[in-house]
Amino acid sequence: MVRVLPDVGAIDKEFDYLVPDALAGDVRVGTMVRIALHGRRVGGWVTAEDVVPAEGRALRPLAKVTGWGPAPEIVELAAWAAWRWAGRRASLLTTASPEQAVRGLPPAPAPGAVPTGPGTGDPALTEALEHPAGRAVLRLPPAHGLGPVVLAAAARGRVLVVTPSAPMAAELAIGLRRGGISVAVVPREWARAAAGAQVVIGARGAAWAPCPGLASVVVLDGHDEGLQQEQAPTWVAWVVAGERARRAGVPCVVVSPCPTVELLAWAPLVVASRSVERAGWAALEVIDRRRDDPRTGLYSARLVDLVRDGGRVVCVLNRKGRARLLVCGSCGATARCTRCGAAVTQRRDGDPPPLVCGRCATTRPPLCAECGSTRLAALRLGVARVRDELEALAGRPVGEVTAETGPMPDAAVLVGTEAVLHRVGPVDAVVFVDFDQELLAPRHRGAEEALALLARASRLVGGRHRHGRVLVQTRVPHHEVLLSAVNADPARLAASERGVRVALGLPPERALALVSGPAAPVFVASLPAELPAGCEIRGSGEGSWLLRAPDHRVLADLLHAAVRPPGRLRIEVDPARI
DNA sequence: CGGACAAGCTGA
DNA sequence: CAGCTTGTCCGG
């Protein structure tokens, strides 16, 4: 007799079934089965074997064995993650399972010729993998090759590699295969991974992929938002990978050019040598636009030079979710929150209408914080015009790229939203036309996301040795993000960011959950009136509540104790936006 | 989720 | 009061 968790959205409950003798050999914890439930057939996973029969209940037999599913330790990991992110096990087990039924495994691939011996391993990676803490964050600059890092890990045994995107995983896999290593790219090659490939690689779902005989786990670009699942449960791949490695007793290394404060709180930091780090960040030119007219000064002389004869140039313009910025008419400074540094907007009510921070809601009188002037002007980019104007300035064709546009235009100069950075190959220069939208984004991870953009740009143009250029136009030229990138020193931003998080009670200082949806009021009302020490709940007034706890354990236990009412309820633990 | 069944609403 | 909609419950 086995216990089965049905793959049905609203059911987070297990049911017991008899195993027909004919199927007995194919059934273990994790196996995907079909069961008769309430008059219909649904899929599910075996979650326990040898269940003691309950009294007085006629059990139905399993209808069918669908095929291989996640290994027993992954089923346990899913239970842990369901607790950690207040989600359903079924949604996590789906991620951990093959997309198509796997009836049998292919023969185990030969590991291939993994170069071993002295001189083959990246010394920084070796130090990270052998860190006594069992886990480490390895800071390697953007242009540092990741192929050799994976190779060095593969030399120590079977390795699970998690990347923020599928194309990145595919590209690394091609390089590894060329080197003769056996690779399984998940989710497509789930069965090959289960059969025992030397490297199992994929996007965030790879944190759940099969990898028998796992020797180490490597997460690449650990700062990237792509490692977090957008829909609830909002699990984060490096957290899952770390927990999996801990349970398996193997090391986990998270590699990133710009580790977030959350990563730095999670594991000890290992850094490459200063010269390696400097060489791996592109030269960054900061163009101070404070003296330019906010309405006309979109194109600095340096920008015009670059698009005229800068080879392949990509111009990034953030036109989506573009908030209006206020600029001082006297000194050119951008209006920012005096408490947290995010961009402020002007309210319509009040006399005079006050400035309000989009991040921490602090309000202040409408004066320039730099020079005291009352002349604050709204700055809006004429985005639709930018492509045309650049084409006129450059004297050569300019193509437009966004997430929605079709094939890549055949032009040496491209203008696009951030999506363009994910779609182009190597280029000679990247220009951020108006970086202040990024620098001052009223999101709690805004500054880190801005540095991540500069890191991505650095990778596209190659490191300092390739003479690629990254150009940033800004009215906040001394922002920590820019200083960090200019100096190839991400620790700088991490230090200041750490202070902001402590002051505002944000992660990693505190653990957060955002509760929303029609059922949210009932759910919130069912929380104990006397919250555990250090916890608080704040309503937004728009049907969502922010729950704050000293750490994830307290937060998860609290969410677990509340009554989950019927109806739609979204619980976002570690929300990307608050 | 989706079927079963109960409780409410409507119109001749 | 049949016939239908809407709500609540529960599954092995």
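Proteins get letters first, then strands, A, B, ... in listed order; numbering begins at 1 in each.
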Does the side-chain hydrogen bond (donor to acceptor under 3.5 Å, both in side chains) test come out yes or no for A:D574 and A:W235, once each step is laid out?
CA-CA 8 Å; A:D574 308 324; A:W235 55 273; over 6 Å; no
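Counting all heavy atoms, side chain and backbone alike, A:P550 lies closest to A:V554 at CD-CG1, 4.0 Å.
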Identify the pairs formed between an N or O of the protein and an N or O of nucleotides 9-12 of chain C at a distance under 3.5 Å, and give each distance.
{"unit_1": "C:dG11", "atom_1": "OP2", "unit_2": "A:K13", "atom_2": "NZ", "d": "3.4"}
{"unit_1": "C:dG11", "atom_1": "O4'", "unit_2": "A:H38", "atom_2": "ND1", "d": "2.8"}
{"unit_1": "C:dG11", "atom_1": "N2", "unit_2": "A:R40", "atom_2": "NH2", "d": "3.1"}
{"unit_1": "C:dG12", "atom_1": "OP1", "unit_2": "A:H38", "atom_2": "N", "d": "3.4"}
{"unit_1": "C:dG12", "atom_1": "O3'", "unit_2": "A:D16", "atom_2": "O", "d": "3.0"}
{"unit_1": "C:dG12", "atom_1": "O3'", "unit_2": "A:R60", "atom_2": "N", "d": "3.3"}
{"unit_1": "C:dG12", "atom_1": "N7", "unit_2": "A:R57", "atom_2": "NH1", "d": "2.7"}
{"unit_1": "C:dG12", "atom_1": "N7", "unit_2": "A:R57", "atom_2": "NH2", "d": "3.0"}
{"unit_1": "C:dG12", "atom_1": "O6", "unit_2": "A:R57", "atom_2": "NH2", "d": "3.2"}
{"unit_1": "C:dG12", "atom_1": "N2", "unit_2": "A:D16", "atom_2": "OD2", "d": "2.8"}
{"unit_1": "C:dG12", "atom_1": "N3", "unit_2": "A:D16", "atom_2": "N", "d": "3.4"}

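Here A:W266 and A:W238 bring their ring centres to under 6.0 angstrom of each other.
We find that CG of A:D12 is positioned 13 Å from P of B:dC1, with the value rounded to whole Å.
Between A:R34 and A:D7 there is no salt bridge, since no side-chain N of the basic residue sits under 4.0 Å from a carboxylate O of the acidic one.
Between A:L138 and the choices A:V219, A:V253, A:V254, the side-chain contact (heavy atoms from CB on, under 4.5 Å) rule is met once, by A:V253.
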